[in-house]
Each structure stands twice: as structure tokens, then as C-alpha cells.
Amino acid sequence: MRPWFPLFATLCAGLFAAKASAAELRLEVDIPRMTVAEYHAPYLAFWLKHSDSGEVVPLGLWYDDQEKWLKDLRLWWRRTGRGQSAPYDGLTGATRRPGQHQVDFSALPALADLPAGDYQLMVEAAREVGGREVVRLPFQWPVDNARTVTAEGDTELGEVMLHLTP
Amino acid sequence: MSRSLITGAAGLVLTGALLLSPAAQAHKRWLLPSHTVVSESQWVTVDASVSNDIFDVDRPYPLKALEAVGPDGKAATVDNRLEGHRRSVFDIKLTQPGSYRLTLPGQSHFLSWQQDGETQRRRGWSGAEALLAELPDNAEQVALTETHSRLEAFITVGAPNTKALEPSGQGLELQPITHPNDLYTGENARFRFLVDGEPTEGVEVEVVPAGTRYRDSQDHWTLTSDANGEITVNWPGAGRYYLEAGYADDRAEHPKAQQRRLQYLATFEVLPL
């Protein structure tokens, strides 16, 4: 996180803090099944990008404790990963096998301080001897009405659904 | 992403309980000559690496077993062997017209068993006996797999010939119909796969164009050898290609091994015309 971000958050805090604390930000991710000879579960990274400021809020990382491959999440690595070290910011966990997975970011402290604005939730997947893909889900914060934002990956990610509740 | 267990060839065709043992997992391994088609005698340098980045080095590949064969079928001169931290290197002296073959053969064993309801796995490069010695008394469902691999690359001075490319009749080998140093854009290449010297159907082949580090997809394609053991490779463009072929049968050398896995890995350079 860049040093000026907490200040920005503090300045804006009065605008949204009460509302944001109860909001739900939950993701459903489909990891596609591959018919390949050599399959390794992909590494996945999740973060928020503020559309205007470009400010990045790390949300989570699924990896297998092998830092060697983290740079292959190239966008996440450049935006936030390379400035971090374990434990990585957000909800971290092991890689997931193909199928539907859920991850609920609602309780992350970073969301309680999240400035109002237009955001993209970024999901990046990178698979060894496979490919890399980034999917973007735009949304507004704070959330006014319950809504679901959907995006579809082409290769490394299937359907990704962001469930937002005020 | 990767575990150290190694992985194998593209879509091995297996049967029954042998299917899907993790022994099938291996990193990509390759030999990369600095030049494959040259017009006079000279030195050529070769990288050898275990690396999924085609063809960017990652880890050294042991050179002890290296065979370098010249156009006359005799051993060629190799110098400057180095097993570095991220790659192995050697130079080969090309002294006569014709085609040189570089081969790095390898053998490993994979052992799995059930013990107290849990699956145990071991992989070893020091022979089957060393692995079998690790078996506890109460091991059940013991399965031993024998893996033979063969890394190859080819270099030609002047016109290609095939003396150095004659098959040994052992394991999985590539028999050129199109010479591996006669590959040009706009032309298909035809290769035959031999298992113990016999053309064999059902060899699974994966081809990956160089440069995987700089793109978001492997861009690989897969082929299966036909009834004559043959495949046709349609190169999408000039450049270097990684080819990995795999086959499995029950003709293991070790009497306790139920399965033999064969891997053939080669590097090809396709030139623009």
C-alpha cells in the first residue's frame, strides 16, 4: 500500500465509514477444468483498483507457499506483490482445484476504510506450464443496492461473480 | 505452482490402475544449440536446462550422460562442460560436413505404496533397488514405474545426413522422415516415432513454440502418432520449438516394475524461407 493511502482514507472516512462496515463484497470464481497433460492449480490474486487514483487495495492471494512463481502473476506483482513479503496482504490461502470457489472479502479491515469511488475488482490467474489471465469487475463504492457484477474469463478463469450488498 | 515431483509427457496413454500416477509429472527439459544450420566447420555452444520457460534457462541439467555423435556415427568433440546454477553448457566441435546428434538419456523410478491407509510416493534417480529399500514391511499396493527419457538436438554442417540419427532400437526415439535440420516455414515436417525400434501408434506429442515467457498462453498443440508411428508437424512460423513425446507400456526392465514410461524431448529450429 502506498504511504499516502491511509491519509486519503482518513480524509474520506466521514463520507462512508458507517455504511461500508456492514457491506458485503463476496466473490465466486470458477477455475476451469483443463484437458492438459501437465496440470498445476493456478495461482490467483485479488485486488481492488480505484479507477481514478489507481490506488491498489490487496484483497487476497491463493498460492502454494512457493514465492518463486509469484512474479508470474505479472500484473499483481507489479501493482502490489513485489512490494510485499509473506504474509501477503488480504486473505491468503492455498491454490484451489478446478471448480466453483467462494471468497468473502467483507470482513477485511481495508474495506472499512475504503474511500468512495469507482473501482475494479481485479482477478488474475497464472498457471505453471499454462497461461495467465486477468478479469476485471467494475463496481461503485459504497454499494447503494445489492447487485452482482459478472465477468467471464477466456482461458484460465471461468465465470467470476462479484456479489455486493450495502 | 510446481511441486518438485516431476511430470511427464503429454497425455500418456495408460490403462487401469496405472493411470494418473504422479510420476507423470516432470518439468520441461531441453537442449538448445546456438546454431543448428551452419555452412562451415566451427564450434557451437549448447545450453541444457530444466525449465518450463521455453527457451529461457531455469535449472542446470546434468551432462554426465551426454552423447555427441558426428556425421560419421562416431563421438564428436565436446569441451567446456559447465553445470552452473541456472543452466548447463557445453561446446561441440563441428569438424565435418553432415549432421550431429546430441542426446542426453536419463532414467528414473517412481514408487508408490499404501501404508496405514495413506498413499506414499518416492522418486529416485539411483535405480529401483535404492527406492525399494525404502519400502516398509507393511506396505501394500506397491507400484513401481520405470521412466526413460531422451533429450535431443541436432546440428548440421552443409547438407544433412542421417548416419548419426540411426535409431538405437531402445526406448522411444524419433526417426526423421523430414530431416530435423531441414525445417522451413511453409513446409510440414514428418517424423516417425519408434518404441524399441518399432514404429508405434498412439505416441502423444506436444509442441510448444519458443518464447513462453513473453506471452499469456503456451500456444502449444498436441499430436498423436498414426498407425505408422508418424506425425505431421505444421510449423506456424520460423523459430525454435520444443517437442515432448510420451508413451507408456508394461515393458519395464526391472522385474518389479509394472509400467515403463518413455519420454522423448527435442528442440527444433524452423528457418524462414
Participant: Hey, could you give me the CD/CD distance between A:Glu38 and B:Glu244, rounded to the nearest 0.5 Å?
Facilitator: 7.5 Å

Participant: Could you work out, with ring pair (Phe, Tyr, Trp, His ring centres under 6.0 Å) as the rule, every residue matching A:Phe46, not counting sequence neighbours?
Facilitator: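 A:Trp62, A:Phe105.
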
Participant: Can you list every pair that meets salt bridge (Lys or Arg N to Asp or Glu O under 4.0 Å) and has a residue in residues 148-160 of chain A, with sequence neighbours left out?
Facilitator: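 Every salt bridge (Lys or Arg N to Asp or Glu O under 4.0 Å) pair that includes a residue of residues 148-160 of chain A, provided the two are not neighbours, is A:Arg127-A:Glu156.
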
Participant: Answer yes or no: does atom CD of A:Gln120 have more than 12 heavy-atom neighbours from other residues, nucleotides or ligands under 6.0 Å?
Facilitator: yes

Participant: Flag yes if more than 12 heavy atoms outside B:Arg87 fall under 6.0 Å of its CZ atom; otherwise flag no.
Facilitator: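 Counting neighbours around CZ of B:Arg87, 12 or fewer heavy atoms of other residues, nucleotides or ligands fall under 6.0 Å, so no.
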
Participant: What are the two closest non-hydrogen atoms of B:Arg215 and A:Arg74, and how far apart are they?
Facilitator: O-NH2, 4.1 Å

Participant: Looking at B:Glu118, I'd like to know if its CD atom is crowded, meaning that more than 12 non-hydrogen atoms belonging to other residues, nucleotides or ligands lie closer than 6.0 Å.
Facilitator: no

Participant: Select all residues of residues 227-235 of chain B having any heavy atom within less than 4.5 Å of some heavy atom of chain A, and report them by number, or 'none'.
Facilitator: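 Interface residues of residues 227-235 of chain B: none, nothing closer than 4.5 Å to chain A.
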
Participant: Determine, step by step, whether B:Asp58 and A:Lys68 satisfy the side-chain contact (heavy atoms from CB on, under 4.5 Å) criterion, reporting the C-alpha distance in whole Å, the side-chain angles of both residues, the deciding distance to 0.1 Å, and the verdict.
Facilitator: CA-CA 11 Å; B:Asp58 189 26; A:Lys68 176 174 181 179; 2.7 Å; yes

Participant: Applying ring pair (Phe, Tyr, Trp, His ring centres under 6.0 Å), name anything that partners B:Tyr61, two or more places apart in sequence or on another chain.
Facilitator: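 With sequence neighbours excluded, B:Tyr61 shows a ring pair (Phe, Tyr, Trp, His ring centres under 6.0 Å) to no residue whatsoever.
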
